[in-house]
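Here the structure is laid out as structure tokens; the discussion comes afterwards.
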Amino acid sequence: MKQALVRLLEKSIQAGIEQKVLPPPVPTRIEVELTKDPGHGDYASNIAMVLAKQAKKNPREIAKILSERIEDRDGLLEKVEIAGPGFLNFFVRQAGFARLLGDVHRQGERYGSSDLGKGRRVQIEYVSANPTGPLHIGHARGAVVGDVMANILDAVGFKVFREYYINDAGNQMNNLGKSVLLRYRELLGETVEFSEGCYRGEYIRELASELRKRDGDRYIREKPEDLIPRFTEFAAGAILEGIQEDLRIFGCVFDRYFSERELYRDDGVGKLLGELEEKGFIYREEGTLWFRTTAFGDEKDRVVVRQNGDPTYFAADIAYHLNKFQRGFESVIDIWGADHHGYIPRMSAAVQALGYEKDALKVILVQLVNLLREGKPVAMSTRSGEFVTLREVVDEVGKDAARYNFLMRRSDSHLDFDLEIAKKQSNENPVYYVQYAHARICSILRIAAERGYTVPAYDRADLSLLQLPEEVDLVKAVTRFPEVLEGAARSLEPHRVTFYLNDLAGLFHSYYNKNKVISDDAALTGARLFLCRSVLTVLQNALKILGVSAPEKM
RNA sequence: GCGCCUGUAGCUCAGCUGGAUAGAGCAACGGACUUCUAAUCCGUGGGUCGAGAGUUCGAAUCCCUCCAGGCGCACCA
């Protein structure tokens, strides 16, 4: 509907230009919005005010010129009014709205999707937690934001690739192996001391005892230098398997888990740094290699190879991002914890130095989660290994509530996650509000069927009977869905889908309480069933994108 | 000290990229189940959009200056 109105406006501006009452050109962006106040019609455009400056005319005068030249061939509009400083208010005929439900009917589970992305390839990297311990609640938010963002981009026509970067090459891996070895020795009766950087979580103890069960005490005679790599290998493998399992249970499935080690194969990182040095982006100073990130606006240059010869994490990350682009992705999205925001300028600099557009890399920052129980903070300390794992949260509150809760805020704002509220099956928990709307419609359709009503086909339903204000509002909301997905994709803001769902469910609950869908009037019942079915389709499609189930009964 | 993010109703937050009288949920109060599911709905009250100046037809939104909070400022990842 919005787009149809934009086209009408384009044509009327065109006509105005041809008749020399408006100066060219036709603006590239014409805004049409849903109105808040029914007195302002259904849709409104501010285009007359936008044109006022270049046309050097009073906005109301321009509005008049435009409204006189609108050729409504399809009979969508009842009338067009000029209001306030120069708004064009469109009053859509009821039949115009009802027609839109035909799209829902025809497209079914594809309703809402579009070809905004035109099949362009996007890679989206998220979670990417080091395999040094199980995922905790902090990782969960990034996982959901990434997963849902990917679903949204997929829906609007991008070809999406989901990836998890495994940081399995740094010295933290060494610490992991060392930590397990120490616990292993402890199990065999030695007294051990944990140095700085060691991991002390309970899971380390479990890994050690697993090793002991499997291989007994035969490692006790070997040298630590020989043992640590093997212990590391074992621990990282086991932990990564656990991470993958947790993510799967949480509904996050990746196309690929990319190992950092792969970047070092055949001295890949070294060669890349050499190339960048030839191009002048890297220089040597006091025995270290520096990347000239200041050339692209970073506040200082960054080390890529330390004095001791080891490449930094940043060096590998440059290679990783080059690898992404070389695999043919036109656009790359990284999802990071907000505490890494300082890392953006250097990564952006690297991407530009590699010869790609600045816009080719986009970063979504996800703020930390405050875990609460009945309003009181739950203590978490990664160092000591006291934290609530993702698995524990999913087990306690369920996948649906957990996922929905992480999508109720903009990603870059802090989020309080209260375990007790998330668990409650009450009105404090919005996920049930939406699911309940779905279950209610299912129930209506069931009972309608029992009474001999079926949802009519689009051309058999008399949708002109849908005249109540609540019905028009519902139709409007249904038609907003594709726009919401596009907006969420454009702005990289998955929370918009959640807010939209709350609105839609609210409109339905309100309608439901006031009106009967099933009545003795067969034609009216048919029209209302058709409307219900349309709402149901949107609820299902949207919930699917969020990775939240749509129960038929509650 | 520098940089980024945040500041909107008592609380938690939206505000569609500058539009018309700033919204929702909780909490408070008052109502609605003999009905297609009350995990719902209807109503009432509640605001100096952190403060100040600026840009223009028009600002919660954009620019500048302050104030408050968070996070960064490694040859860690």
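Computed over heavy atoms, backbone and side chain alike; hydrogens, waters and symmetry mates excluded.
- Here F296(A) and F281(A) bring their ring centres to under 6.0 angstrom of each other.
- Counting only N and O atoms by type, the side chains of Y320(A) and E163(A) include a donor and acceptor under 3.5 Å apart.
- Contact annotation for D310(A): no contact, since no heavy-atom pair falls under 4.0 Å across all strands.
- Close to C42(B), at under 4.0 Å from its OP1 or OP2, lies a side-chain N or O of S510(A).
- Inspection of the S128(A) and E125(A) side chains reveals an N or O donor paired with an N or O acceptor under 3.5 Å.
- For A20(B), the base is stacked against the aromatic ring of F87(A), per a cut-off of 5.5 Å between centres and 30° between planes.
- Summarising the base pairing, G1(B) is matched to C73(B) through a Watson-Crick or G-U wobble pair whose two defining distances lie under 3.5 Å.
- G54(B) and A59(B) are spaced 13 Å apart, taking the P atom of each and rounding to whole Å.
- The shortest distance between the side-chain N/O atoms of Y512(A) and the OP1/OP2 oxygens of A38(B) is below 4.0 Å.
- Across G19(B) and U34(B), the matching C1' atoms stand 50 Å from one another, rounded to whole Å.
- Within the nucleic acid shown, Y432(A) comes within 4.0 Å of at least one base atom, counting heavy atoms only.
- Contact annotation for N175(A): no contact, since no heavy-atom pair falls under 4.0 Å across all strands.
- One interatomic measurement links the two molecules: CZ of R409(A) to P of G7(B), which rounds to 12 Å at whole-angstrom precision.
- Between the P atoms of U65(B) and G70(B), the separation comes to 22 Å (whole Å).
- In this entry the distance linking NE2 of H341(A) with C1' of C73(B) reads 8 Å, nearest Å.
- For Y436(A), a side-chain nitrogen or oxygen approaches OP1 or OP2 of A39(B) to under 4.0 Å.
- The shortest distance between the side-chain N/O atoms of H495(A) and the OP1/OP2 oxygens of G15(B) is below 4.0 Å.
- Under 4.0 angstrom from either OP1 or OP2 of U37(B) there lies no side-chain N or O belonging to R446(A).
- Rounded to an integer number of Å, the gap from CD of Q3(A) to P of C16(B) is 19 Å.
- One interatomic measurement links the two molecules: CD of Q307(A) to P of C75(B), which rounds to 11 Å at whole-angstrom precision.
- Judged by a 6.0 Å distance limit and a 45° cone about the ring axis, R346(A) is not positioned over the six-membered ring of F291(A).
- Among the heavy atoms of the strands, none lies under 4.0 Å from P59(A).
- Ring centroid separation for the pair F406(A) and F417(A) comes in under the 6.0 Å cut-off.
- Nucleotide C33(B) carries a syn base; the chi torsion (O4'-C1'-N9-C4 or O4'-C1'-N1-C2) is within 90° of 0.
- Nucleotide A20(B) holds its C1' atom 12 Å from the CZ atom of R60(A), rounded to whole Å.
- A 3.5 Å limit on both hydrogen-bonding distances identifies A32(B) as the Watson-Crick or G-U partner of U40(B).
- U21(B) and C49(B) have their P atoms separated by 15 Å, given to the nearest Å.
- A53(B) and C71(B) have their C1' atoms separated by 29 Å, given to the nearest Å.
- Using a 4.0 Å heavy-atom cutoff across all strands shown, I518(A) reaches at least one base atom of the nucleic acid.
- Between the side chains of D317(A) and Y165(A), no donor-acceptor pair of N or O atoms lies under 3.5 Å.
- For U17(B), the O4'-C1' to base torsion is within 90° of 0; the nucleotide is therefore syn.
- Of the two residues contacting RNA chain B, namely A44(A) and A439(A), the nearest-nucleotide position lying further toward the 5' end is that of A44(A).
- Remark: U55(B) base-pairs with no nucleotide in the shown strands. Criterion, Watson-Crick or G-U wobble with two distances under 3.5 Å.
- Donor-acceptor pairing under 3.5 Å is lacking for the side chains of T525(A) and R451(A).
- If you check every strand for non-hydrogen atoms under 4.0 Å, H340(A) touches a base.
- OP1 or OP2 of U6(B) has at least one side-chain nitrogen or oxygen of R410(A) nearer than 4.0 Å.
- As rounded to the nearest Å, G18(B) and C67(B) have P atoms that lie 28 Å from one another.
- Looking only at atom types and distance, the side chain of D400(A) has a donor-acceptor partner in the side chain of Q435(A) under 3.5 Å away.
- Within the structure, a side-chain polar atom (N or O) of Y433(A) is placed less than 4.0 Å from OP1 or OP2 of C41(B).
- H509(A) comes within 4.0 angstrom of sugar-phosphate atoms only, judged by non-hydrogen atoms across all strands, and of no base.
- Here the two rings, on F481(A) and Y500(A), have centers that are under 6.0 Å apart.
- Each of K553(A) and S411(A) was assigned the nucleotide of RNA chain B with the nearest heavy atom; the assignment lying further toward the 5' end belongs to S411(A).
- Of the nucleotides present, G10(B) is the one that pairs with C26(B) by Watson-Crick or G-U wobble criteria, both distances under 3.5 Å.
- In this entry the distance linking CE of M408(A) with C1' of C13(B) reads 9 Å, nearest Å.
- Regarding contacts with the backbone of U12(B), every side-chain N or O of S413(A) stays at 4.0 angstrom or more from both OP1 and OP2.
- Within the nucleic acid shown, R302(A) has no heavy atom closer than 4.0 Å to any nucleic acid atom.
- Looking at heavy-atom distances under 4.0 Å, R480(A) makes no contact with the nucleic acid at all.
- Atom CG of L273(A) is separated from atom C1' of C75(B) by 14 Å (rounded to the nearest Å).
- The phosphate of A20(B) (OP1 or OP2) has a side-chain N or O of K36(A) nearer than 4.0 angstrom.
- Spacing of C1' atoms, A20(B) relative to C26(B), comes out at 30 Å, to the nearest Å.
- Base engagement by N46(A) is indicated by at least one non-hydrogen atom pair under 4.0 Å involving a base atom.
- When the P atom is compared between G31(B) and G69(B), the two are found 45 Å apart, to the nearest whole Å.
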